[in-house]
Amino acid sequence: MKPHTLILPVLIGGTIFTATTLDAQDAGTGAQLPAGTTLGEIPADTLDIPAYDLDEFVISVKKDVVRTDGANLTYDLEADDSTKGQTLLEALRKIPMVTVDGKDQIYIKGNSNIKILVNGREDKMLESNASTVFKTMPADAVASIEVITEPGAKYDAEGVGGILNLVTERKQRQYGYSGSVSAGVSSQMYFANLLGSLKHRNFNADANVSYSNNAGLSQTNISNSDSYSYLTPSAYLQSQESRQKVSFWYMSADLNMSWQPNEANLFSWGGSYMDMHAGLDDCSSLTSVYSDAGELMSGWRQLLTGKISNSSATAHASWRHDFDDAGQRLILAYGFNYGKNRISADSENTGILNYSDSAPWQSNLSTNYTREHTVQLDYSNPFGARTHLLETGLKGIFRRNSAFGQGETGASADAPAPDGVSLVNASQMQDILAVYAAYTGNFDHWSTSAGLRYEHTRMGMDFHLGDYDDFRTNLDDVVPNASVSYLFSPAHTIRLAYNMRISRPGIEQVNPYRLVLSNQVKEGNPDLRSERQNTVSLSYSNFGRILGGSVTASYARTANTIESYSEYRDGILYDGFGNFGVKQRTELTAFLNINILSQMQLSLNGGLNYTDIRDPKSGRGNHGWGGNWGANWSYTAPYDIKLAAYGGQGFRNITISGYYGGWYYYGLSVSRDFLRDKNFNVALNANNFLQKHSSFHSEQWGEGWRRSDRSRYRSWNVGVTLTWKFGKLQEKAKTSGLDISSDDRVSGGKSSGGGQIGF
């Protein structure tokens, strides 16, 4: 007697599909369920099929890589074998609504003002250095990624671009223990990952440890920039060629535990730690200055060495109380977050032609510390046979951040002298008290939600050194959101939504410390103010058994927008932050999934946008079109060999002073499980392998000047990953249902183009 297959219902686009077929064909006898029939709807006396022993059946569940409702999206990295052996930054390029440009800046629907969380909680290490960390973080360390573009009232009001939530916890449900060990090597790094879960009676725990290192695999990236000063004939063109080679190591650990003494109460606690160190091993630049007649006027060479280190630690605890089986629930939670970001760089200039500098040696050291305590109380109550849901809560966030910076100059490293301009010692305080209420209702084919959040903020900065004025301010923000949906069928929906978000500047943006590197200066702006964004979107989704997808049209208007900008003065490029009037963005995004065969799938995603930024006060402004597209193909071949191909491209991203040019990516992967229980997996991955370097282009301009940047970076990568699974399927540590998060500040470090500290 041959085996029989039962295909269970699966979740696509947030909807459960029940294309349920019982292949019970044996000796000419068979039966098939009507399409769309759920298992619970099958009367026991309607199936005229023979009885079989359960050992004769193979249960097959198809797991979708992408699930979306047209607004928010979840990408399952565990289900995508093509991400094995990749860094997390490479994997992000494949996710709809997320783009990573040629300078490794991360965007959600074209907006870099995003918040990045880990398991729903903020991690200070990712506040301003997410792309740096993601370059060193193996994709295997993350189970799935949630892209939240329309946060409701329950979320903090800040982060206008949306939320990127990295889920490292694995969902397991049985008693005992289980885990996996992964190790791999690629042309870019070595990496390893350890996962483990334990369930004993009413106690649960899960842990995740990751490590990576690029020892001996450091890459050299080359960039060229041409800066034109139309008002300075004797220094009309300044041309610079830079080389940068970076080494790094990264590690992270995450532990979550829970204890449930009875059905009504659940206690959970845990913590995490991340650490990353990078070295600028071989960095140099050659600068040449030409007159408007093309004559070489002067030139110099700069040698640069430096180190970057980031570390963070988090702790969290919560208690959940269920009043009844109907879902009435109370949750109390506490979270602590600590982060440290340190950059040190030493440079020395050597004259080539007509170069004179009394202090050619420079040293810069900058350190930022962040500390945060969060307390939250949430209450939810379903009523009306669970067709209505009322949620309300209180939250307090208490931040104490500090920034230190110092610089030295001299004829050489043996004769340093303090640089008073770069000396900074500042403290930032920010206390936020919030209350929210939200309602969700379902009325036959209609579904509606609405929420209102009020936040009172007390914030300020104290400058212990430097010629800056201390300040204090109080802000009161009322943040509404609403949506209405019409369901033609469970998989066929149209949705209209309104969402408001605000963004307060982070310490890395207000820190006035000046990082001086040859002909480039980077500095923060202590006078930055908060920005507000109002977004209206209309989305349509229709997911079928073979073909499905969604399309969303949105319009966003941001007042007092915070933008990174560049200015070129006297041969020096100044990169900073400022508030610039109004930013308007109109966008059309789409996602399409095609089940070509039961073993073959194809997904397509893309977006087209138009951005307009205008600031009447300064006279600055810019506008233009941009967009991106991506494709993912997967196929399970005979002998259970899994194949995948992927690729994508991005176009212009408009800024206040120019644009960042296009980028592209592509790759192939093959993987297979071995051993009797398929406990051992081998995955091969290759991306951007047809050329040694990829390129990136950007343009910036202002009154009397223009700058063009061209970068070549080694993006090709081939690697192998080995994974061994052990133990039994286990239950992950239960959570209280509340993840402490403070998704409320602009993510700093926007790409400015052409800088040497680009890692």
Side-chain angles (χ1 to χ4, degrees), residues 13-14 67-74 97 108-109 111 113-117 119-122 145-165 167 327 329-331 333 374 376-383 386-397 432-443 446-455 477-487 493-503 532-539 541 550 552 554 556 558 735-745:
R67 301 188 300 273
T68 178
D69 60 1
N72 301 326
L73 176 144
T74 299
M97 296 193 292
I108 295 180
K109 298 184 71 174
N111 198 323
N113 293 344
I114 66 175
K115 201 64 187 176
I116 299 178
L117 308 177
N119 297 322
R121 295 177 290 271
E122 187 177 7
I145 297 178
E146 298 173 351
V147 185
I148 305 171
T149 59
E150 297 178 5
K154 190 174 181 178
Y155 287 90
D156 294 339
E158 295 201 46
V160 298
I163 299 171
L164 201 65
N165 183 33
V167 181
R329 174 176 292 179
L330 181 70
I331 304 171
T374 303
Q376 187 165 346
L377 179 67
D378 286 81
Y379 171 77
S380 60
N381 185 15
F383 61 95
R386 297 198 178 191
T387 59
H388 306 275
L389 174 64
L390 178 64
E391 298 176 286
T392 185
L394 304 169
K395 187 172 185 179
I397 306 173
I432 304 172
L433 300 177
V435 58
Y436 78 90
Y439 166 79
T440 302
N442 296 284
F443 310 92
W446 292 93
S447 175
T448 183
S449 65
L452 189 67
R453 186 180 185 92
Y454 165 75
E455 292 190 353
D477 297 295
V478 178
V479 182
N481 71 279
S483 69
V484 59
S485 303
Y486 181 79
L487 281 70
T493 308
I494 187 169
R495 183 173 185 269
L496 178 66
Y498 163 75
N499 196 54
M500 178 181 173
R501 305 287 286 171
I502 64 175
S503 283
R532 292 171 172 264
Q533 177 176 288
N534 292 274
T535 303
V536 178
S537 64
L538 178 65
S539 61
S541 59
S550 64
T552 300
S554 63
T558 306
T735 62
S736 63
L738 170 68
D739 290 320
I740 280 289
S741 62
S742 303
D743 54 322
D744 66 320
R745 283 192 307 282

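Sequential numbering from 1 along the given sequence is applied to the chain's residues. Source: prediction; values computed, not measured.
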Point to revise | From CD1 (I494) to OG (S550), nearest 0.5 Å | key: 12.5 Å

Practice item. For the residue pair Y379 and L394, establish whether any side-chain heavy-atom pair is separated by less than 4.5 Å. Key: no

Check your understanding: Is the closest basic N to carboxylate O distance between R532 and D477 below 4.0 Å?
Key -> yes

Review point. Does one side chain, of S483 or E150, offer a donor that lies under 3.5 Å from an acceptor on the other?
Key: no

**Study point:** Pairing residues for S380 by the side chain to side chain contact (heavy atoms under 4.5 Å, CB included) criterion, not counting sequence neighbours
**Key:** R329, L389, E391

Practice item. Assess whether side chain to side chain contact (heavy atoms under 4.5 Å, CB included) is satisfied between V147 and L164, documenting all intermediate values. Key: CA-CA 5 Å; V147 185; L164 201 65; 3.8 Å; yes

Exercise for review: Write down the atom of M500, the atom of V479, and the distance for their closest heavy-atom approach.
Suggested key: O-CG1, 3.1 Å

Point to revise | Side-chain touch I114/I163, heavy atoms, less than 4.5 angstrom | key: no

Check your understanding: Do S447 and N442 have side-chain N/O donor and acceptor atoms under 3.5 Å apart?
Key -> yes

Practice item. Would you mind reporting whether N165 and I145 have side-chain heavy atoms less than 4.5 Å apart? Key: no

**Study point:** Donor + acceptor pair across side chains of Q376, T374 (<3.5 Å)
**Key:** no

Check your understanding: Parallel under 30°, tilted from 30 to 60°, perpendicular over 60°: which one fits the rings of H388 and Y439?
Key -> parallel

Exercise for review: Would you give the length of the straight line joining atom OH of Y436 to atom CG of D378, rounded to the nearest 0.5 angstrom?
Suggested key: 3.5 Å

Check your understanding: Going from CG on L496 to CG on L538, what distance comes out if it is rounded to the nearest 0.5 angstrom?
Key -> 6.0 Å

Review point. Given I108 and T149, is the side chain to side chain contact (heavy atoms under 4.5 Å, CB included) satisfied, shown in steps?
Key: CA-CA 8 Å; I108 295 180; T149 59; 3.9 Å; yes

Check your understanding: Would Q533 and I502 count as a side chain to side chain contact (heavy atoms under 4.5 Å, CB included) if you check the C-alpha gap in whole Å, the side-chain angles of each, and the deciding distance to 0.1 Å?
Key -> CA-CA 6 Å; Q533 177 176 288; I502 64 175; over 6 Å; no

Review point. Side chain to side chain contact (heavy atoms under 4.5 Å, CB included) between N119 and L117: does it pass, once the steps are laid out?
Key: CA-CA 6 Å; N119 297 322; L117 308 177; over 6 Å; no

Revision key, fill the gap. For A153 and A437 the tightest heavy-atom approach is CB-O, 4.0 Å

Revision key, fill the gap. R386 and G327 have their tightest heavy-atom pair at NH2-N, 3.7 Å

Revision key, fill the gap. Scanning both residues in full, the closest heavy-atom pair of S537 with T552 reads CB-CG2, 4.2 Å

Revision key, fill the gap. To the nearest 0.5 Å, atom CD1 of I432 lies from atom CD of E455 at 6.0 Å

**Study point:** Heavy-atom side-chain proximity of N499 to P151 below 4.5 angstrom
**Key:** yes

Exercise for review: Verify the distance criterion only: is there a donor paired with an acceptor across the side chains of N481 and Y498 at less than 3.5 Å?
Suggested key: no

Check your understanding: Got a sec, which residues hit side chain to side chain contact (heavy atoms under 4.5 Å, CB included) with Y454, two or more places apart in sequence or on another chain?
Key -> V435, H456, D476, V478

